[in-house]
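Since the structure comes first, as structure tokens, the remarks are kept for the end.
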Number of protein chains: 2
Amino acid sequence: MEEMEVPAKRGKREQTKVNNRKAILAAARSIFAELGYGTTTVRDIIRRTDLASGTFYNYFQSKEEVFQALMDANALEVRPHLIETRANARTFEDLIEGTFRVFFDYLARDRGAFEVLRSNAGAIRVRMDTPEIVAGFDELQVDIEKAISDGLLEPVNASYLTAAAVGMAFEIGDRMLAQEEADVEGAVKFATSLIMGGVVKLSNPDSP
Amino acid sequence: MEEMEVPAKRGKREQTKVNNRKAILAAARSIFAELGYGTTTVRDIIRRTDLASGTFYNYFQSKEEVFQALMDANALEVRPHLIETRANARTFEDLIEGTFRVFFDYLARDRGAFEVLRSNAGAIRVRMDTPEIVAGFDELQVDIEKAISDGLLEPVNASYLTAAAVGMAFEIGDRMLAQEEADVEGAVKFATSLIMGGVVKLSNPDSP
DNA sequence: ATAAAACTTGACGTTCCGTCACTTTTTATT
DNA sequence: AATAAAAAGTGACGGAACGTCAAGTTTTAT
């Protein structure tokens with residue numbers, strides 16, 4: 001019996017191209033998580049595949065570009081869920097809570113995906129704001145602005161509020177992952193309460 | 001008349017050692033800000049001094065170590081002010097507001113110092129949690145815990161609250177620096193209100 | 001003044017980079 | 001099925017940056 005092959009809908013060429021790209025990304029993800037971004041080399045990545053060094057450059061220009069592709073892949077995976085969650089939100093609290101839950105949930109489920117930007121013992125922590133990721137931040141900001149104009153939220157500085165939510169998400173997410181059993185619900189509740197209480201105070205500075 | 005020299009308190013040797021170290025750090029700071037961390041090389045750094053390449057390695061093992069030294073220098077500069085400010089705080093709000101003000105003030109005053117970890121259009125953002133910096137975070141957490149045990153603050157998860165404050169500080173600070181005229185006071189008020197309102201909500205989940 | 005110690009220097013072997021002429025594989029054509 | 005054209009893969013190669021070290025220079029100690 002012949003080797004069973006994937007149907008190869010549109011040519012063998014296209015198929016291997018997709019496979020090679022995936023292989024490089026997978027290798028990169030594992031080696032970045034292992035050695036950290038700074039110390040891994042393009043050769044380290046390619047050595048984890050059965051491709052030649054030259055082939056790497058048919059797919060990416062540099063390790064920086066592979067890293068960007070990995071981050072974009074993360075963003076592409078989460079963004080639709082974030083968008084959908086917020087689209088269904090009927091209150092500002094739904095919006096914020098949903099955002100944190102989707103994000104923390106993804107972190108906990110797919111630890112490896114974000115392992116790269118966790119701080120490896122006194123080593124360098126690296127983060128890249130790719131167009132996809134920036135777009136995700138912008139969407140949050142737009143949704144916050146919309147919540148304000150819809151009257152779900154008192155007027156506040158949406159840029160700073162977005163920044164605050166993003167900073168909290170990454171930093172609290174990091175601490176959440178530091179424990180072996182990630183307490184997603186606890187992190188969601190904490191972050192949400194902080195923001196929700198915060199906006200009350202922001203729009204009403206003389207409360208308790 | 002002889003060339004005027006610095007008193008050289010303790011030998012010429014020690015003096016040049018200090019000078020060379022400073023020269024390397026200054027060169028590194030400027031070149032990192034210019035090229036970003038990823039693309040600068042040890043040679044780029046040493047080329048900005050009048051030292052030879054080999055000399056670099058008498059002072060640092062790698063560019064990573066220079067970077068760490070720069071971050072440590074930042075932390076060493078801010079930490080005393082943070083500590084003093086919080087020591088004088090009589091309320092939890094004083095504590096938080098003082099922390100943000102000292103931090104944002106330092107960012108605005110010494111832009112260059114933190115320029116490296118600002119996001120340069122699609123480039124990699126790098127952050128290093130050096131022992132000095134981690135110590136700074138820990139001090140904040142300890143002070144928060146102390147505020148709780150002193151009854152200035154209802155019991156909350158101090159680790160997450162610290163993470164939230166740190167994340168907000170970096171991310172809001174980044175947006176603050178994005179404007180050419182840094183609005184320190186606005187950023188302080190915003191971040192402080194968010195935290196203060198947040199802790200009210202955290203310890204009293206059924207408020208507004 | 002002289003010797004020892006400390007530090008600086010740049011040339012050297014090594015590793016990784018990015019490219020390119022060549023080979024292999026796939027697709028299109030007859 | 002055979003053959004030509006196109007596409008993609010390969011690894012050797014020159015170049016750049018690395019980290020080291022033997023030799024040279026400056027400072028300190030005697």
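Each chain gets a letter, A, B and so on, in the order its sequence line appears, and its residues count up from 1.
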Q. Just how far, in rounded Å, is P of D:dA7 from OH of A:Tyr57?
A. 24 Å
(Q) Tell me the interatomic distance from B:Glu64, atom CD, to D:dG19, atom P, rounded to whole angstroms. (A) 11 Å
**Q.** With B:Arg86, the side chain to side chain contact (heavy atoms under 4.5 Å, CB included) member among B:Asp94, B:Asp143, B:Val142, B:Ile96
**A.** B:Asp143
Q) Honestly, is B:Arg175 close enough over A:Tyr160, meaning NZ or CZ under 6.0 Å from the six-membered ring centre and within 45° of the axis? A) no
Q) Just how far, in rounded Å, is P of C:dT25 from CG of A:Asp50? A) 14 Å
Q. With ring centroids as reference points, do B:Phe114 and B:Tyr106 lie under 6.0 angstrom apart?
A. yes
Q: Report the distance from atom CD of A:Glu65 to atom P of C:dG18, rounded to the nearest whole Å.
A: 11 Å
Q | Selected nucleotide, minimal atom distance to A:Val42 side chain, candidates D:dT27, C:dT27, C:dG18 | A | C:dG18
Q.
Without decimals, in angstroms, what is the distance between A:Glu14 CD and D:dG9 P?
A. 13 Å
Q) Do B:Lys22 and B:Val18 come within less than 4.5 Å of each other through their side chains, counting heavy atoms only? A) yes
Q) Between A:Phe170 and B:Phe170, does the ring centroid distance fall short of 6.0 Å? A) no
Q: Would you sort out whether A:Asp44 and A:Thr41 count as a side-chain hydrogen bond (donor to acceptor under 3.5 Å, both in side chains), showing the intermediate values?
A: CA-CA 5 Å; A:Asp44 289 333; A:Thr41 71; 3.3 Å; yes
(Q) Taking the nucleotide of DNA chain C with the nearest heavy atom to each, does B:Phe56 or A:Gln61 sit closer to the 5' end? (A) B:Phe56
Q. Nearest-Å distance, NZ (A:Lys12) to P (C:dT26)?
A. 4 Å
Q) Between atom CD in A:Gln15 and atom C1' in C:dT27, what is the gap in whole Å? A) 16 Å
Output one line per pair: protein atom, nucleotide atom from nucleotides 1-7 of chain C, and distance, for all N/O pairs under 3.5 Å.
residue, atom, partner, partner atom, Å
C:dA6, O4', B:Arg13, NH1, 3.2
C:dA6, N3, B:Arg13, NH2, 3.1
C:dC7, OP1, B:Lys17, NZ, 3.0

Q) CD1 of B:Ile46 versus P of D:dG19: gap in Å, rounded? A) 12 Å
Q | Nearest-nucleotide comparison on DNA chain D, the residue closer to the 5′ end among B:Arg47 and B:Ser53 | A | B:Arg47
Q: Could you walk me through whether A:Arg125 and A:Glu171 pass the salt bridge (charged side-chain N to carboxylate O under 4.0 Å, His left out) test, one step at a time?
A: CA-CA 12 Å; A:Arg125 196 197 297 204; A:Glu171 213 68 24; 3.6 Å; yes
